[in-house]
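Report on one structure; see the data block that follows.
What you see is a predicted model, and the numbers here were worked out from it, not measured in a lab.
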Amino acid sequence: MLETTSVGSFPKPAYLTKARNAFSRGEMTADELGALERRATEEWIRCQEDIGIDILVHGEMERGDMTTYFAEQLIGYGISGLVRSYGNRYYRKPIIEGVLERSKPMAVEAYQFAQSLTRLPVKGMLTGPYTMCDWSFDEHYGSRHDAVMALAEIIRDEARDLERAGARFIQIDEPAISTRPAEINLAIEAMGVVTEGLKAMTISHICYGDFKTIYPHVLKLPVDQLDLEFANSHFANLEIFRSPKFTKKVAVGVIDVHSHILETKNQIKEGIRRALTVFEPEQVMIDPDCGLKTRTVEEATDKLKVMVDAVGEIKQEMGWT
Amino acid sequence: MFERTVVGNQPKISEIPGRANLRNARNRFDSGKIDAAALEECVQATIRDTVADQIDAGMARVTDGRIRWDDPVSPFASAHDGFAVGGLIRFFDNNVYYRRPSIVGPVRYVRSAVVDDFRLLRAMTDRPILASVCGPFSLAKFCVDDNYKDAQTLYHECARLVRAEIEALAHAGADWVQIDEPWLGFCPGEIGPATEAIATAVRGIRIKTLVFVYFAPIGAIARQLWELPVDMIGADCVTEPGNFKVLLDGPAAKARAFGLVDARNTRLESVGGLAKQLNSIVKRGGEGWPECWLTPSAALEFLPHRNAVAKMKLLSQAVAQMADVPVTAI
Ligand SMILES: [Zn+2]
């Protein structure tokens, strides 16, 4: 119990950011960029091992935005200009321009490479169909149901490929799921297509929405674990999950990924203790609120370290080690 | 008739070579590579660019594009007393997030959040200007109230603050102000206290006022909207196509703003379809209303810059073409 993990993305080291810019200007080949992505992935795998994290992520060194990365590789998508998502952060919001189809596996190679570097389990990482649709412009389907279900078949194929490649944990992120509470059944239907028949442990990460509007309905989302953000609200949203009882496994976000400020060990321990008044210890994993990609490498590393230290002390206090 | 304007944040960056790059400037400022003066220079250059875009696309009344705003609430929460920065939360049903302020003490007007940019814009252009403020009801709804613990008091105090902002704009010479009230349509059960707050903010003020509602239906609150002591009611007619008819059916003495082109999807509406809508406005006596404006459905910042420009141009193209479309009854 209380295994530690991460949500998905890590910051890109400066050499990789530089390389990505050079690649986009046509000054670097895809092979050269790929080599640097693999170098950065290996650095993050070693970093997570050194810190003592239990279930690893590959860090998404090859991805810019979690929607755009997949959209760029799918038939039927066009990539548009930059739109702002928060503060001074922008992403290229993709446009659905025609019937969506997958031409090749998109997430398997990065998973396989990362897994080849470590004996610890690495999660296979996908973006869920509801979020893919919600974070795209749609010029083709005109029906959100049709667009989401088309994406569900594509993400299902990705999930099966990841499982075939050996992934024991498959995470299908749906941060957008709380956007329109009236559409929760659509998100559930689509996730049903994605996870049907998978043997791997399935996880879905959800963040920065109003959980009250989708709880307890979200417990019907066909995944084993929900990965949720709590530090952002100073754990106030824990109360939502007290009743009715939370029936899945949960990864409790204890690190504010949008703050430069390093949490203290005691803050994190206090958050974990509060979470344990709502969830059973057997249900709980511990991780940051969301992907750490907006922090610096040093900030992200420090935050993960203090998180693992805090979990270690809690386990010791509880006699769980 | 059919004056065009925009109703919210315009894109802050563009892919046009040689233009100011506010994204880079903000990053460089955050990492200490440029000082506040250099950042300010970039902000002002960006405002100049956004005004030029609006004029080029045929907007008769221009805005500063709210270039300094990330969302409708934070400029006011940071300028005045009583607010603290809170956690990140989604902006309605968009993949856009803002920090939801908490009200931690008495809400007190300190110094206008918008007048400086109004003056800046006034110095940049001779065009008519549409200034904007966050409406009192939405200001309250955007925040978590940890102080008053009583909605009526909270709305009243927010109304006093917004009134002071509007008075400051009037004093600076503004003739029209948009009062953003997206929350109105989401809270029909609170329309009584909400309209009371708006009335408190505008009653007797010597500046023309537009209450603009987006993302939600206004059918259930139409009567109360039309009774507001404001000059114009505007609404998003894309997210809720039914709002078009609600605006058509209003009293002849009120001006309206029709949010006709989708500010949240890149797909371009057909010029012919828009021209038909304009014809139905004419047919319903639109020429007899004090004003009838055409706008995007919401802030164009939801689109990349080039798509935002195309949407503004579409409004102008529709007006140019409407004469060619047979007038049909709705
Ligand atoms: Zn997240």
Side-chain angles (χ1 to χ4, degrees), chain A residues 65-67 78-97 131-142 144 175-183 206-211 213 229-237 256-260 289-290 294 296, chain B residues 9-16 21-31 39 42 66-67 69-71 74 84-100 102 144 146 186 215 239 262-269 299-310:
Chain A
D65 171 78
M66 61 186 281
T67 305
I79 305 300
S80 80
L82 293 162
V83 293
R84 199 172 60 85
S85 58
Y86 159 62
N88 196 33
R89 289 176 48 203
Y90 290 77
Y91 71 110
R92 278 190 195 280
K93 186 167 177 175
I95 305 176
I96 301 174
E97 293 174 339
T131 299
M132 283 292 295
C133 171
D134 199 63
W135 294 1
S136 303
F137 297 117
D138 175 24
E139 298 195 3
H140 174 74
Y141 289 97
R144 292 174 61 83
I177 200 170
S178 58
T179 308
R180 293 177 188 77
E183 288 184 350
I206 303 173
C207 59
Y208 306 121
D210 190 352
F211 292 115
T213 60
E229 136 263 312
F230 290 99
N232 175 57
S233 70
H234 302 287
F235 297 87
N237 56 344
D256 183 351
V257 302
H258 288 290
S259 170
H260 295 288
D289 270 2
C290 190
T294 58
T296 64
Chain B
N9 294 16
Q10 294 285 98
K12 292 175 180 43
I13 58 170
S14 89
E15 292 178 18
I16 299 174
N21 189 328
L22 188 53
R23 184 195 194 189
N24 276 357
R26 283 172 74 167
N27 279 337
R28 290 168 63 78
F29 177 75
D30 287 345
S31 57
L39 176 62
C42 186
R66 302 187 186 175
I67 292 302
W69 299 26
D70 279 351
D71 57 75
S74 54
V85 177
L88 213 60
I89 191 145
R90 184 177 288 117
F91 186 71
F92 297 101
D93 57 353
N94 305 286
N95 185 25
V96 174
Y97 305 81
Y98 67 104
R99 290 207 171 268
R100 191 175 185 196
S102 297
V144 182
D146 290 329
F186 290 99
F215 302 157
T239 311
D262 193 347
R264 300 196 284 169
N265 198 352
T266 48
R267 193 176 54 79
L268 288 176
E269 290 79 358
L300 286 172
E301 199 189 10
F302 296 111
L303 296 173
H305 175 266
R306 65 169 180 272
N307 305 81
V309 167

Turns out that what part of B:D30 lies under 4.5 Å from chain A's heavy atoms comes down to neither

The interface call for A:S136 against chain B, heavy-atom contacts under 4.5 Å, is neither

Verify salt bridge (charged side-chain N to carboxylate O under 4.0 Å, His left out) between B:D71 and A:R84, making sure each step is shown before the conclusion.
-> CA-CA 11 Å; B:D71 57 75; A:R84 199 172 60 85; over 6 Å; no

Output for pair (B:Y97 OH, B:L88 CG), nearest 0.5 Å, gives 8.5 Å

Applying a strict 4.5 Å limit to non-hydrogen atoms, the region of A:S233 in contact with chain B is neither

Rounding to 0.5 Å, atoms OG (B:S74) and OH (B:Y98) come to a distance of 10.0 Å

When the 4.5 angstrom heavy-atom criterion is applied to A:Y91 and chain B, the contacting part is side chain

Okay, B:R26 and chain A: the region with an atom under 4.5 Å from a heavy atom over there is both

Legend entry - Ionic contact status for A:R144 with A:D138, cut-off 4.0 Å: no

Honestly, the part of B:R100 sitting under 4.5 Å from a heavy atom of chain A is neither

The interface call for B:F302 against chain A, heavy-atom contacts under 4.5 Å, is backbone

Assert top hit (heavy-atom pairs under 4.5 Å, partner chain B, pool A:K93, A:R92, A:H234) equals A:R92

Okay, A:I95 and chain B: the region with an atom under 4.5 Å from a heavy atom over there is side chain

Value for CD (A:E139) from CD (A:E97), rounded to nearest 0.5 Å, stands at 6.0 Å

If one checks every heavy atom of B:L268 against chain A at 4.5 Å, the contacting part turns out to be neither

- [ ] Evaluate the criterion side-chain hydrogen bond (donor to acceptor under 3.5 Å, both in side chains) for residue pair A:S80 and B:R306; output intermediate values, then yes/no.
- [x] CA-CA 9 Å; A:S80 80; B:R306 65 169 180 272; 5.6 Å; no

**Steps toward ring pair (Phe, Tyr, Trp, His ring centres under 6.0 Å) verdict (B:F186, B:F215)** = CA-CA 8 Å; B:F186 290 99; B:F215 302 157; 7.2 Å; no

**Report entry** Aromatic centroids of A:H258 and A:Y86 separated by under 6.0 Å
**Finding:** yes

Interface check, chain B: of A:T179, A:N88, A:N232, most non-hydrogen pairs under 4.5 Å belong to A:N88

Bottom line for A:R89: the part with an atom under 4.5 Å from chain B's heavy atoms is neither

Highest number of heavy-atom pairs under 4.5 Å with chain A among B:D93, B:V96, B:N9 belongs to B:D93

Rounded to the nearest 0.5 Å, the CD atom of A:E229 sits from the CG atom of A:D256 at a distance of 9.0 Å

